[in-house]
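Remarks on the structure that follows.
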Amino acid sequence: MKIKVFASKTALAQAAANHAATTIGDAIAQHGEARIIAATGASQFDFLDTLTAIPGIDWSKVEMFHLDEYVGMSEEAPASFCRYLRERLINKVGLKKYHLLDGTEDPKALTARVTAEIRKAPIDIAFAGVGENGHLAFNDPPADFETQDAYVVVNLDEACRRQQLGEGWFPTLADVPRQAISMTIHQIMNATEIVCIVPDARKAKAVKACFSGEVTPMAPASILQRHPNATIYLDKESAALLSPNTVETYAC
């Protein structure tokens, strides 16, 4: 794992997007396609805006998988992550091959179908974030590090649900769903490369817990410390609680 710290979230987004574009281009050059996992949430806004504006990416050769979605969530709902990905990635670049998680579909049938697709070939790069509670996708603490499934239905803890409320996706806490379909820790860690985008001061405590302490299910994203090719992109606010020694230890 590597940690990179930037002076602003704009600089963070540009560097992470350049990194992602290079990996996508290399994958297409090497085996004719790139298979990616896309993340959602407020932390990904600038990154996706920047990535989709980079010229020269052959999006016709990119296949996208989706990290998570709320159980029962219609794509028409403002908080839908399917809607988010259509608006911020799929429609902007004309992506043709993608596997969205339809929250209104039977979860068992949905996860079986998408699992069959994601296991057809390796994932070249996964984009991810870290929740305020340290979650990776919707794997809230204590996260399941053992399951070999690709997707599971999870119960969302209150900290996670309050984050969704705080980001403005829902009008009240009661409106935030209590369950979601999430890609598992195992499946995320199977990606050849991971780019984790974590801006903002509100993520500083989670960043410290996940990247300056031990690997533990109570800090789910701490598992990234064990990935052979994960890069954590931070701004100075999200990195504020890391010791200089931690930053130096994981610097490129």
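Predicted model only: the values in this text are computed from it and were never measured. What's counted below: heavy atoms across the whole structure, side chains too, no hydrogens, waters or symmetry copies.
- Not a single salt bridge (charged side-chain N to carboxylate O under 4.0 Å, His left out) links E237 to another residue, sequence neighbours left out.
- Every residue two or more places apart in sequence or in another chain was checked for a side-chain hydrogen bond (donor to acceptor under 3.5 Å, both in side chains) with N91, and none qualifies.
- Around CZ of R178, the count of heavy atoms belonging to other residues, nucleotides or ligands within 6.0 Å does not exceed 12.
- In the hydrophobic clustering of ILVMFWY residues, with side-chain heavy atoms under 4.5 Å counting as a link, I90 and V93 come out together.
- Minimum interatomic distance between A191 and H227 (heavy atoms only, all atoms of both residues): O-NE2, 2.7 Å.
- The ring-ring contact (aromatic ring centres under 6.0 Å, His included) search around Y84 returns F45, not counting sequence neighbours.
- In this structure the side chain of S238 never reaches within 4.5 angstrom of the side chain of D200, judged on heavy atoms.
- Every residue meeting the side chain to side chain contact (heavy atoms under 4.5 Å, CB included) condition with E158, not counting sequence neighbours, appears here in chain and number order: R162, L173.
- Cluster annotation: I54 and I28 are assigned to the same hydrophobic cluster (Ile/Leu/Val/Met/Phe/Trp/Tyr, side-chain heavy-atom contacts under 4.5 Å, transitive).
- Every residue two or more places apart in sequence or in another chain that forms a salt bridge (charged side-chain N to carboxylate O under 4.0 Å, His left out) with R86 is listed here: E75.
- T50 meets the side-chain hydrogen bond (donor to acceptor under 3.5 Å, both in side chains) test with no other residue; sequence neighbours excluded.
- Cluster annotation: L241 and M218 are assigned to distinct hydrophobic clusters (Ile/Leu/Val/Met/Phe/Trp/Tyr, side-chain heavy-atom contacts under 4.5 Å, transitive).
- The same ILVMFWY cluster, assembled from side-chain heavy atoms under 4.5 Å apart, contains both L89 and L100.
- Applying the side-chain hydrogen bond (donor to acceptor under 3.5 Å, both in side chains) test to every pair with at least one member in residues 26-39, sequence neighbours left out, gives these pairs: H31-D124, R35-E63.
- Shortest non-hydrogen contact noted between W59 and L95 is O-CD1, 3.5 Å.
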Derivation of the side chain to side chain contact (heavy atoms under 4.5 Å, CB included) call for V62 and K97: CA-CA 7 Å; V62 175; K97 195 170 184 181; over 6 Å; no
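- For R226, there are no salt bridge (charged side-chain N to carboxylate O under 4.0 Å, His left out) partners at least two apart in sequence or on another chain.
- Residues L224 and C210 form no side-chain contact, since every pair of their non-hydrogen atoms from C-beta on lies 4.5 Å or further apart.
- Taken from OG1 in T111 to CG in D149, the straight-line distance is 8.0 Å, to the nearest 0.5 Å.
- Interatomic distance, CD of Q163 versus CG of D140, reported as 9.0 Å (0.5 Å rounding).
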Verdict with supporting geometry, V207 and V130, side chain to side chain contact (heavy atoms under 4.5 Å, CB included): CA-CA 8 Å; V207 165; V130 175; 5.6 Å; no
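- Under the 4.5 Å side-chain contact rule for hydrophobic residues, L136 and I37 share a cluster.
- If you take CG on L110 and CD on E105, they are separated by 4.5 Å, rounding to the nearest 0.5 Å.
- Inter-residue side-chain proximity for L85 and Y98 is flagged as unmet; no heavy-atom pair is nearer than 4.5 Å.
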Criterion side chain to side chain contact (heavy atoms under 4.5 Å, CB included) on Y70 and Q164, from CA distance to verdict: CA-CA 11 Å; Y70 301 106; Q164 309 313 313; 3.2 Å; yes
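- Atom NZ of K92 has more than 12 heavy atoms from other residues, nucleotides or ligands within 6.0 Å.
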Trace of the salt bridge (Lys or Arg N to Asp or Glu O under 4.0 Å) decision for R202 with E167: CA-CA 11 Å; R202 64 193 174 91; E167 289 183 1; 3.0 Å; yes
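- For the pair G131 and A206, the tightest heavy-atom approach, listed with the atom from each and the gap, is O-CB, 3.3 Å.
- Rounding to the nearest 0.5 Å places CD1 of I232 at 5.5 Å from CE of M1.
- D144 meets the salt bridge (charged side-chain N to carboxylate O under 4.0 Å, His left out) test with no other residue; sequence neighbours excluded.
- In terms of the side-chain hydrogen bond (donor to acceptor under 3.5 Å, both in side chains) criterion, residue partners of Q225 (sequence neighbours excluded) are, by chain and number, Y250.
- The backbone N or O of K208 lies less than 3.5 Å from a partner atom in the side chain of S212, making a donor-acceptor pair.
- Nearest heavy atom pair, residue A20 against residue F127, reads CB-CE2, 3.6 Å.
- Note that CG of N133 is 5.5 Å distant from SG of C160, once rounded to the nearest 0.5 Å.
- At least one side-chain heavy atom of K203 sits under 4.5 Å from a side-chain heavy atom of E132.
- In this structure a side-chain-to-backbone donor-acceptor pair under 3.5 Å is missing from H99 to V114.
- Counting heavy atoms from C-beta outward, D46 and I197 have side chains that stay 4.5 Å or more apart.
- Closest of all the heavy-atom pairs between N139 and S182 is ND2-OG, 3.4 Å.
- Closest non-hydrogen pair, A39 versus L67, comes out as CB-CD1, 3.7 Å.
- Listed for the E69 side chain is a donor-acceptor partner under 3.5 Å among the backbone atoms of F81.
- Take E214 and apply the side-chain hydrogen bond (donor to acceptor under 3.5 Å, both in side chains) test, not counting sequence neighbours, and it matches no residue.
- Note: F65 and Y151 fail the aromatic proximity criterion, with ring centroids not under 6.0 Å apart.
- Judged purely by atom type and a 3.5 angstrom limit, Q148 uses its side chain to pair as donor or acceptor with the backbone of E146.
- Inter-residue side-chain proximity for M183 and I118 is flagged as met; some heavy-atom pair is nearer than 4.5 Å.
- Remark: side-chain polar atoms of T231 are not paired, donor with acceptor, to backbone N or O of K2 under 3.5 angstrom.
- Here the side chains of V195 and T23 are not in contact, with every heavy-atom distance at 4.5 Å or above.
- Expressed to the nearest 0.5 Å, how far OG1 of T52 lies from CZ of F47 amounts to 9.5 Å.
- Residues that satisfy the ring-ring contact (aromatic ring centres under 6.0 Å, His included) test with H19, not counting sequence neighbours, are Y233.
- Residues P177 and V71 are not in side-chain contact: their nearest non-hydrogen atoms beyond the backbone lie 4.5 Å or more apart.
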